[in-house]
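Below, chain A is the first sequence line, B the second, and so on; all start at residue 1.
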Amino acid sequence: MKPFYITTTIPYVNAEAHIGHALEFVRADIIARSKRLSGYEVFFNTGTDEHGIKVFKIAEQLGLEPQVYVDQISIKFREIMPLLGISDDVNFIRTTDAHHIKAAQEFWNIVKKNGYIYKKDYSIKYCIGCELEKTDSELVDGHCPLHPNQDIEIVKEENYFFKFSAFQRQLLELYSSHPKLVIPGSRLNEIRAFVERGLEDFSISRLKSKMPWGVHVPDDDQHVMYVWFDALVNYISAIGWPDDVIQEKEAPGSFKKWWIESGGVVQYCGKDNLRQQSAMWQAMLMAAGLTQSQTIIIDGFVTGEGGIKMSKSLGNAVDPLEIVREYGADVFRYYVARELSPFEDSPFTVDKFKEAYNAHLANGLGNLVSRVMKMATANGIALYEGDKSRSDFSSTDEGVAAIKGYGEGFNGFDLQSASNVIWSLISKADSIIQERQPFKKIKTDRAEAERDILELLGRLEFIAKSLLPIMPETARKIIELIRKNEMPASPLFARK
RNA sequence: CGCGGGGUAGAGUAACGGUAGCUCGUCAGGCUCAUAACCUGAAGAUUGCCGGUUCGAUUCCGGCCCCCGCAACCA
């Protein structure tokens, strides 16, 4: 079986999971499931990023050891997975895992040995009020917005730096030779323009005296790693690197299989992560002598009504778990796949969600299942005689075209166009019932009506099978009903 | 002249050189197998503004206005 490796970015655990995380988990899972169904062996990775000053401070405020805090919050993220219908075999990496820490240090050693790590003075902008360093973008008029009356202190410290600037040409070559590296193409243009403007080396360590919660820099007990050389390495530590490379100890789930033979990792990330994933991380891989990622899919953001940023203070934030609690994982997955733009920002409101649920799941899919199964069961017309199907939609011209459109959607990671194929088949089936009226015909022309109903069952089965990656539980339920020739005990999606 | 994305019917979006499509909502008709569901039809858009290229522009080019994100260590 051909291997396929897909990963999400791993969320930082300074806050609980929000809808953007849920969206990314679900999208990656839909791709993972579809690959599995088309015969790939899949490694699906997600997890949590747990080091850094913010986590350290939060733990301090809560009066907890950092490790205790991250244990608590990491498990919350892990527990979300089954609630979203994420595949059971998803790998969940934590940057505090012993193996990951070892891998991050080994990665550092290799890059250093290759001459891409050096030390220099670094000016940190520090807010005394927050006791935190600040980035320019966090400052308003040169002051911390939380402490506008205090001056920002410039603290100089010696940090390790990564020679990002050395990779400008190689990165540009990579973008030219791999036009599908970043999806959608507009994001590739964006990152290319960024790299063309010139790269600055970036700092990859912090003084341990100020930031104790991090991976120790090898051979220097004054420093811990700053986020990049820690968190980004998870994509390879998750698949066993460096064991089978360094020690030539080939383990199952090895780096060679998942990173090399698969053709590289497919990564999902939000648009705020474009730079980190498609430039910084790729350069780090080059520096370590490793091959590049295969594809980086850039998600848009979920916004509130009218494209306004979602935030708790604005009161327009939607909690994915509340949605899942009320509607179930499959409905949320449907919404992510079909109602949100695959690559651009799209609004998510409870009203819109409910509207889509009623229109396309209750009235659409759910209602179709009821009407088809009613005609089949009431008249004793089953699709299967033993194991033999009496109507196979996939071999019809229409079926072949549907498979093509659906496949193209998935190949381009365009879940929306893939699911549109399914919903146009649902709509078509509704029209067929209306036009041919098998429910009426059954009284006058049984043979003809039976043919119609069998065709509808075949279509419904095709719809259900196509739905497996997106709405796995629902799809299985429908397939089961068809096999047993039964009505659903209660409506699949009750109107709300 | 920092970078990128966008402005299309009441709402959300698609098309990207050839009569502006889809979904929701609205209105009218039909059907009764179905979850007051389904089917058909209608109304509703001078495709942000101005100019250019073209036989023809929502689609290409130039200018302007407005919105959003990013602007380097914010996951």
Rounded distance in Å between the [atom1] positions of [N] and [M]:
N: B:G17; M: B:G52; atom1: P; result: 22 Å
N: B:G30; M: B:G12; atom1: C1'; result: 29 Å
N: B:U19; M: B:C3; atom1: C1'; result: 38 Å
N: B:G18; M: B:U13; atom1: P; result: 24 Å
N: B:U58; M: B:U53; atom1: P; result: 16 Å

Choose from B:A34, B:A72, B:C33 the nucleotide whose nearest atom is closest to any side-chain atom of A:Met375.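 Closest of the options to the side chain of A:Met375: B:C33.
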Within the structure shown, what part of the strands sits under 4.0 Å from [X] by heavy-atom distance: base, sugar-phosphate, or nothing?
X: A:Trp228; answer: base
X: A:Gln437; answer: sugar-phosphate
X: A:Ser203; answer: base
X: A:Leu368; answer: nothing

Over how many whole Å does the gap from A:Asn358 atom CG to B:A36 atom P extend?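 The distance from CG of A:Asn358 to P of B:A36 comes to 11 Å, rounded to the nearest Å.
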Tell me the interatomic distance from A:Leu274, atom CG, to B:G4, atom C1', rounded to whole angstroms.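 For the pair A:Leu274 CG and B:G4 C1', the rounded distance is 9 Å.
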Would A:Phe202 count as stacked on B:C73 if the rule is ring centres under 5.5 Å and plane angle under 30°?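 A stacking contact does not exist, since A:Phe202 is not both close and nearly parallel to the base ring of B:C73.
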Please check the phosphate of [N] (OP1 and OP2 only) for any side-chain N or O of [X] closer than 4.0 Å.
X: A:Asn363; N: B:C38; value: yes
X: A:Arg495; N: B:A36; value: no
X: A:Lys440; N: B:U32; value: yes

Aromatic contact, A:Phe343 with A:Phe413 (centres under 6.0 Å):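 For A:Phe343 and A:Phe413, the ring centres are not under 6.0 Å apart.
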Do we see a donor-acceptor contact under 3.5 Å between the side chains of A:Thr303 and A:Asp345?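 Short answer, no.
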Quick check: does any side chain N or O of A:Ser205 sit under 3.5 Å from a backbone N or O of A:Tyr160, one acting as donor and the other as acceptor?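 Pair found, side chain donor or acceptor close to backbone of A:Tyr160.
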Option from A:Phe167, A:Phe164, A:Tyr175 for which side-chain contact (heavy atoms from CB on, under 4.5 Å) with A:Val195 holds: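 That would be A:Tyr175; it is the only one of A:Phe167, A:Phe164, A:Tyr175 passing the side-chain contact (heavy atoms from CB on, under 4.5 Å) with A:Val195.
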